[in-house]
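Below, read A as the first sequence line, B as the second, and so on, with proteins coming before strands; counting in each chain starts at 1. Bear in mind that the values here come from a model prediction, so they are computed numbers and not experimental data.
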Protein chains: 2
Amino acid sequence: MEKTRALDSLSALSHEVRLDVFRLLIQAGPDGMSAGQIADALNIRANTLSNNLGILAQTGLVRSVREGRSIRYFAGMEAMRSLLGFLMQDCCGGQAEICEPVLNQIACNC
Amino acid sequence: MEKTRALDSLSALSHEVRLDVFRLLIQAGPDGMSAGQIADALNIRANTLSNNLGILAQTGLVRSVREGRSIRYFAGMEAMRSLLGFLMQDCCGGQAEICEPVLNQIACNC
DNA sequence: TCCATAATTCATGTAATAATGAATTGATTC
DNA sequence: GAATCAATTCATTATTACATGAATTATGGA
């Protein structure tokens, strides 16, 4: 992951609504949730949520699929894992072999 | 980890200087680096760096120890690990047992 | 075709963040 | 105890992000 994307990802998560949305989708797992379900669950206005979903989606931290007149959102586990990889890159003074196998397991079967 | 601290941590990392500093300290490992060494390595003014180290330190993402007239900084691996735990909490629709053992290994022997 | 629902886009006023120069605190050495 | 070096604090200015109300696009059903 390049630095610009890491910064965008971290910036996306450093906002209460977006953090709540991301964690909700993490917890929802493979089923995901529609925008309306997210708005109801977190009590957020539709346009505010839409803006923030867009910001998360730009980073890959959430993905979306249209289903009829709804749009279903999912946590982007791959983006999450590569963000963690970037943060921990060359950890511990070059002994990367200690950390990288761990990070490779964050995929979490979702 | 409570949400407020997670937001502060993510906000701290979503800034180019602070992200560079954090990753540099991750790479430096257990030896850490003095503020002056960090400033030299990243070509940052002393007061700018000091402000940003302070913001990182508030979150626990960096720790510091005075050594004579220098101050030595380290990456705060424990804070990092608990941030990841918060982000991934109750991952995958309640099947937390898939993810938590992985996160517990991020400690990375540093 | 017309209406209702789901979600997004746009425009605006407000508030939070950041970089810099100057001054200050703390620790060492002569 | 004066001088020096390392790091921090303070005050100012400029930039950026945010929430909201109103309008718009897209889909499905009557």
A.B. asks: Using a 4.0 Å heavy-atom cut-off across all strands, classify Thr48(A) as base, sugar-phosphate, or nothing.
C.D. replies: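 Since a base atom lies under 4.0 Å of Thr48(A), the category is base.
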
A.B. asks: From CG of Leu56(B) over to P of dT8(D), roughly how many Å is that when rounded to an integer?
C.D. replies: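 Rounded to whole Å, this separation is 12 Å.
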
A.B. asks: Between dA6(C) and Tyr73(A), is there an OP1 or OP2 to side-chain N/O distance shorter than 4.0 Å?
C.D. replies: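 Answer no for this pair, as no side-chain N or O of Tyr73(A) is under 4.0 Å from OP1 or OP2.
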
A.B. asks: Select base, sugar-phosphate, or nothing to describe what Ala35(A) touches, counting heavy atoms under 4.0 Å on all strands.
C.D. replies: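 Counting heavy atoms under 4.0 Å across all strands, the contact made by Ala35(A) is with sugar-phosphate only.
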
A.B. asks: Specify the closest pair of heavy atoms between Gly60(A) and Arg5(A), including all atoms of both residues, with the distance to one decimal.
C.D. replies: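 Scanning both residues, the minimum pair turns out to be N-NH1, 4.4 Å.
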
A.B. asks: With sequence neighbours excluded, give me every salt bridge (charged side-chain N to carboxylate O under 4.0 Å, His left out) pair touching residues 59-70 of chain A.
C.D. replies: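 Listed by first then second residue: Glu67(A)-Arg72(A).
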
A.B. asks: Would you mind listing the cluster partners of Val65(B)? Hydrophobic ones only (ILVMFWY), side-chain contacts under 4.5 Å, chaining allowed.
C.D. replies: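 Noted: Val65(B) shares its cluster with Phe74(B).
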
A.B. asks: Grab the N/O contacts between the protein and nucleotides 27-30 of chain D below 3.5 Å, and write none if there aren't any.
C.D. replies:
from    : atom 1 : to       : atom 2 : distance (Å)
dG28(D) : O4'    : Arg69(A) : NE     : 3.4
dG28(D) : O4'    : Arg69(A) : NH2    : 3.1

A.B. asks: If I take atom CD in residue Gln58(B) and atom C1' in nucleotide dT9(D), what distance separates them, rounded to the nearest angstrom?
C.D. replies: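 Interatomic distance, CD of Gln58(B) to C1' of dT9(D): 14 Å.
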
A.B. asks: Whole Å only: how far is the CE atom of Met33(A) from the P atom of dA6(C)?
C.D. replies: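 Going from Met33(A) (CE) to dA6(C) (P), I get 14 Å.
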
A.B. asks: Could you tell me whether Ser70(A) contacts a base, only the sugar-phosphate backbone, or nothing, with contacts defined as non-hydrogen atoms closer than 4.0 Å?
C.D. replies: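 Sugar-phosphate, backbone atoms only, no base.
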
A.B. asks: Could you work out, with side chain to side chain contact (heavy atoms under 4.5 Å, CB included) as the rule, every residue matching Leu24(A), not counting sequence neighbours?
C.D. replies: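 Scan of Leu24(A) (side chain to side chain contact (heavy atoms under 4.5 Å, CB included), adjacent residues dropped) gives Met33(A), Ile38(A), Ala41(A), Leu42(A).
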
A.B. asks: Quickly work out the Glu16(B) CD to dA19(C) P distance and round it to whole Å.
C.D. replies: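 From Glu16(B) CD to dA19(C) P: 10 Å.
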
A.B. asks: Side chains of Met77(B) and Cys91(A): closer than 4.5 Å at any heavy-atom pair?
C.D. replies: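 Result yes, sub-4.5 Å side-chain heavy-atom pair found.
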
A.B. asks: How long is the line joining CG of Asp40(A) and C1' of dA7(C), in whole Å?
C.D. replies: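 Interatomic distance, CG of Asp40(A) to C1' of dA7(C): 13 Å.
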
A.B. asks: Between Thr59(A) and Ala12(A), what is the shortest heavy-atom contact and its length?
C.D. replies: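 In this case the closest contact between Thr59(A) and Ala12(A) is CG2-CB, 4.1 Å.
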
A.B. asks: Decide yes or no for Met80(A) and Met88(B): does some side-chain heavy atom of the first lie under 4.5 Å from some side-chain heavy atom of the second?
C.D. replies: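 Of all side-chain heavy-atom pairs linking Met88(B) with Met80(A), at least one is under 4.5 Å.
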
A.B. asks: Roughly, in whole Å, what's the span from CG in Leu49(B) to C1' in dT20(C)?
C.D. replies: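 Value for this atom pair: 15 Å.
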
A.B. asks: Rounded to the Å, how far apart are Ile71(B) CD1 and dA7(D) P?
C.D. replies: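 My rounded result for the distance is 7 Å.
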
A.B. asks: Restricting to side chain to side chain contact (heavy atoms under 4.5 Å, CB included), what partner residues turn up for Leu19(B), sequence neighbours left out?
C.D. replies: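 Applying side chain to side chain contact (heavy atoms under 4.5 Å, CB included) to Leu19(B) gives Lys3(A), Ala6(A), Leu7(A), Leu10(A), Phe86(A), Leu87(A), Arg23(B).
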
A.B. asks: By side chain to side chain contact (heavy atoms under 4.5 Å, CB included), which residues pair with Ser64(A), not counting sequence neighbours?
C.D. replies: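 Per chain and number, Ser64(A) pairs via side chain to side chain contact (heavy atoms under 4.5 Å, CB included) with Ile71(A), Tyr73(A).
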
A.B. asks: Taking N or O atoms only and anything under 3.5 Å, show me the protein contacts with nucleotides 21-23 of chain D, one pair per line.
C.D. replies:
from    : atom 1 : to       : atom 2 : distance (Å)
dG21(D) : OP2    : Arg45(A) : NH1    : 2.7
dG21(D) : N7     : Asn47(A) : ND2    : 3.0
dG21(D) : O6     : Asn47(A) : ND2    : 2.8
dA22(D) : N6     : Asn47(A) : ND2    : 3.3

A.B. asks: Taking only nitrogen or oxygen atoms into account, show me every contact under 3.5 Å that the protein makes with nucleotides 12-18 of chain D, one pair per line with its distance.
C.D. replies:
from    : atom 1 : to       : atom 2 : distance (Å)
dC18(D) : OP1    : Arg18(A) : NH2    : 3.1

A.B. asks: Given atom CG of Leu53(A) and atom P of dT9(C), what is their separation to the nearest angstrom?
C.D. replies: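 Value for this atom pair: 11 Å.
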
A.B. asks: Under the side chain to side chain contact (heavy atoms under 4.5 Å, CB included) test, which residues partner Ser34(B), sequence neighbours left out?
C.D. replies: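 Scan of Ser34(B) (side chain to side chain contact (heavy atoms under 4.5 Å, CB included), adjacent residues dropped) gives Gln37(B), Ser70(B).
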
A.B. asks: So, for Leu49(A) and Ile44(A), which heavy atoms are closest and what is the spacing to 0.1 Å?
C.D. replies: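 Nearest heavy atoms, Leu49(A) then Ile44(A): N-CG2, 3.8 Å.
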
A.B. asks: Can you pull out every side chain to side chain donor-acceptor pair (under 3.5 Å) where at least one residue sits in residues 40-58 of chain B? Sequence neighbours excluded, please.
C.D. replies: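 Of all non-adjacent pairs touching residues 40-58 of chain B, those that pass side chain to side chain donor-acceptor pair (under 3.5 Å) are Arg18(B)-Asn52(B).
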
